[in-house]
Amino acid sequence: MLSRLKEWFTTGNITVRIMTVVLIAYCVLVGLVNPTFFSLEIFLDFVRNGAGQAVVAMGVLVVMISGGIDVSFLAIAISSSYISTVLCTTHGWAKPKTFLSLLVVMGISCLVGVLLGCVNGLVIYFFKLPTFITTLATQSIFHGALATFVGTKPVTASRMPRSVIEFGSGAIFEFTSETGSWYGLSYFAIPVVFAVGLTWFILYGTVFGRRIFALGSNALAAKRCGVNIFAAQMFVFAYAGFLAGVMGIIYAADLRWVNPITMVGDELIVIAAVLIGGAKLSGGSGSVLGTLLGMAMIVILRSTLVLLGISSSWNDFFIGAVILVSVAVSAWRSRQESKAALRFDYV
Amino acid sequence: MSATPLVEARRLTKTYGGFAALDGVDFTVMPGEVVCLAGTNGSGKSTLIKCVSGVEPIDAGQILFSGTEHPAITPTLAMDEGVQVIYQDLSLFPDLPVWENVCFQRIGGEKRGWFVKRREGMAFATMQLARLGVKVDPKRRVERLSMGERQSVAIARALAQNAKLVIMDEPTTALPSREVDALLGIVKNLRSQGIATIFVSHKLDELFAIADKITIIRDGVKVGDYNPADLDKEKLGFLMIGKKLDVQPVDRSAVFSGTPAIELDNLVKEPYYRGVSMAVHPGEVVGLTGLIGSGRTEMALSLFGLNPPDGGEVRRNGRPVTVGKPSEAIAAGIGLVSEDRQSQGLFLSHPITTNVTAAILDRLADRFGLVSLGRELDVGEEWCGKLNVRASSVLNPAQSLSGGNQQKVVLAKWLATGPDVLILDSPTVGIDIGSKADIYELIKTVAAAGKAVLLISDEAEELEMCANRVLVMQSGEIAAELAGADATQAKILAAVRGG
């Protein structure tokens, strides 16, 4: 076991290695300052808080590996969860508090997500547009269309399908703490495991996943090798839309409230997590484990500054610092490599 | 020969807008044959390759694969017939490991399944690399490989797709000399396995080293097929450009004395080089050569403020100077024409004149900091005239020029800054024989104008032609100095190899 661990540590992906060390070191630091940190309750809380973003980060990862970027996923998440919950409420679908009815809500949400993702993919492929600008535009379009054509009235807890409420409040297993309160592993862990596992399988286990890497790594060579670029591009955006649909329902269940006119401004946090996890903006690289660790780092940082006795107003400051440092470290490393090889492309 | 040719092109003609790039060319490749295509830039070599690989449709004539005629050649058909092109950019995926690059078409295993067959693919890739006699870890990512290793990976990928003919378009241009030898070894290895190669290179030595047959093309017309044993360099050059090249070796009797324009005293930069002392006088061309790893390029970069030295002294006209970064080097009157002109020396999509004036804009500016286009044009035209750059207009983009003319533009840019010391790193890499002669003349002219020139080159012939003295580096130290009658190609080569 120990030797296996050692082997992984010396040969594995360097970004993942560095992040693991930093994350563990940080946790130890927080634990030393405030021993209450080392509790199952806090850990389970992280899972719940980070679930939505972790799911959607997998979709963003796939898009970024293909050489693109998606900033429209939160607009997609809001659109799909709003449309889904409104449809289910007005038509009386998904009324019972069952798993099946949750699947209906989730399914509609994912379907809307896939459709909107396909809009991104089609526009980008047929007009040969840069992905950033396109998704920046569709972000506003999706959001605006939702408010204009679907409605602006928030779905409140009383109008929300019961299964969604249950999804947000229930737990896979529960404990009672010494103070008598309940805590447990939220159902949100299930979609996270699902999204991570599926993304892992697609990226590392299928030929199609390798072609997504190839496309991001060298688009011209991919074309010469007969990679179906249309299929790959459609897939990555549809997949990001699909996971945004899942995230939308997680948000709805968490907040018990879907407001189509709020715009959650956390797109860049998710993209940052993917980047911290070793993805390149130019495409071709990125890792599932790295993204997960990047997400964990942001979630943990966000919730532990208080435990360190630092005011929560420092949150943004520290998250920004982590992004900057991690990007700077990877830039510094490739600079050292260029320098060692006497390539001067960085001057 | 009675065997059926692998590829046979008959009376091949291809015109671009009325201009015949290929005019009735006959061309054959036998199985396992190494055919070298020789010709200057624009002679039609690339067009021939594009026609054979199906990238460009032909206008007239026919192409037969293994004796079978096809109505139209498409890239897919050519690939099915075993024709694989190694593009100059290699078309690899830098972020993917070697094995995935080699067997990209069959990551899903032999049956082309949906799922990654890692073990099978790795074994297959290792086998293909072994066929080339190359040892590369199949798990390494391609971006961490050297240029030569990357090339091996590209060739292994061609083999993985059952190549019968591998077409290499100037494969050695981007390779350091040690890796060139390895590549030539690979080509011979392929021949022994019955795989044919079409090899295009401007380095005539390489053609003689591996060719079974040299096909010479000039202005879209085939000059002929030659047995390399019947040719020598001079004759080959004559056949390629259609006239006799008259390049006189530099006058070696000239003696340079007085204060050197640039002088190095015991310069050290571990682990690249140590104890390097040398001097270049105004008007002198000093050649610097050595294998990759001998420290010659690293040392030259130091003089231009890249890769600053750890110790020792650099003197300009007898006064010590520090060159810690390129701007200091430029201020000290030192110019560097780098080897990689495409990525480091030129703004390819910008007009020629902009490229010429790029380094002297502050001098062209008036007191408000504005640069008039008219003045820029004048300067651009002046230099293009001086250096004999062949372009219909100085407003054409730099990428429209041939390699030789691009190199002249890079030279013009640095000459325009008026440096006293000019470092030229492999100035004729990838340049055809006709333009090479122009560059040689240019180097001599520059020196005659009183500049000190440090000429780094892999080509002994180039050094013999241009350099007054030749310094040979080995393992980071200057191992030999050849001057006067000693600076012959044979002696330079012997010194480089450690003789």
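Residue numbers start from 1 in every chain, and the chains themselves are labelled A, B, ... in the order their sequence lines are given, proteins ahead of strands. If you're wondering where the values come from, they're calculated on a predicted model, not measured in any experiment.
In this structure, chain A has a heavy atom under 4.5 Å from the side chain of Arg157(B), while its backbone stays farther away. Looking at Asn101(B), neither its backbone nor its side chain comes within 4.5 Å of chain A, counting heavy atoms on both sides. Only the side chain of Lys280(A) has a heavy atom closer than 4.5 Å to any heavy atom of chain B.
Heavy-atom neighbours of Arg274(B) CZ from other residues, nucleotides or ligands within 6.0 Å: above the threshold of 12. Within a 6.0 Å radius of CD in Glu110(B), other residues, nucleotides and ligands contribute 12 heavy atoms or fewer. Atom NZ of Lys111(B) has 12 or fewer neighbouring heavy atoms from other residues, nucleotides or ligands inside a 6.0 Å radius.
Heavy-atom pairs under 4.5 Å with chain B peak, among Ser285(A), Ala222(A), Cys225(A), at Cys225(A).
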Show me the side-chain donor-acceptor pairs of residues 199-220 of chain A shorter than 3.5 Å, one per line, residues at least two apart or across chains.
residue   : atom : partner   : partner atom : Å
Thr199(A) : OG1  : Ala195(A) : O            : 2.6
Thr199(A) : OG1  : Tyr239(A) : OH           : 2.7
Tyr204(A) : OH   : Val288(A) : N            : 3.3
Thr206(A) : OG1  : Ile202(A) : O            : 2.7
Thr206(A) : OG1  : Gly209(A) : N            : 2.9
Arg210(A) : NE   : Glu100(B) : OE1          : 2.8
Arg210(A) : NE   : Glu100(B) : OE2          : 3.0
Arg210(A) : NH1  : Leu203(A) : O            : 3.1
Arg210(A) : NH2  : Glu100(B) : OE1          : 3.3
Arg210(A) : NH2  : Glu100(B) : OE2          : 2.9
Ser217(A) : OG   : Asp95(B)  : N            : 3.0
Ser217(A) : OG   : Asp95(B)  : OD2          : 2.8
Asn218(A) : OD1  : Leu220(A) : N            : 3.4
Asn218(A) : OD1  : Ala221(A) : N            : 3.2
Asn218(A) : ND2  : Leu92(B)  : O            : 2.8

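The shortest non-hydrogen separation linking Arg224(A) to Met79(B) is O-CE, 4.4 Å.
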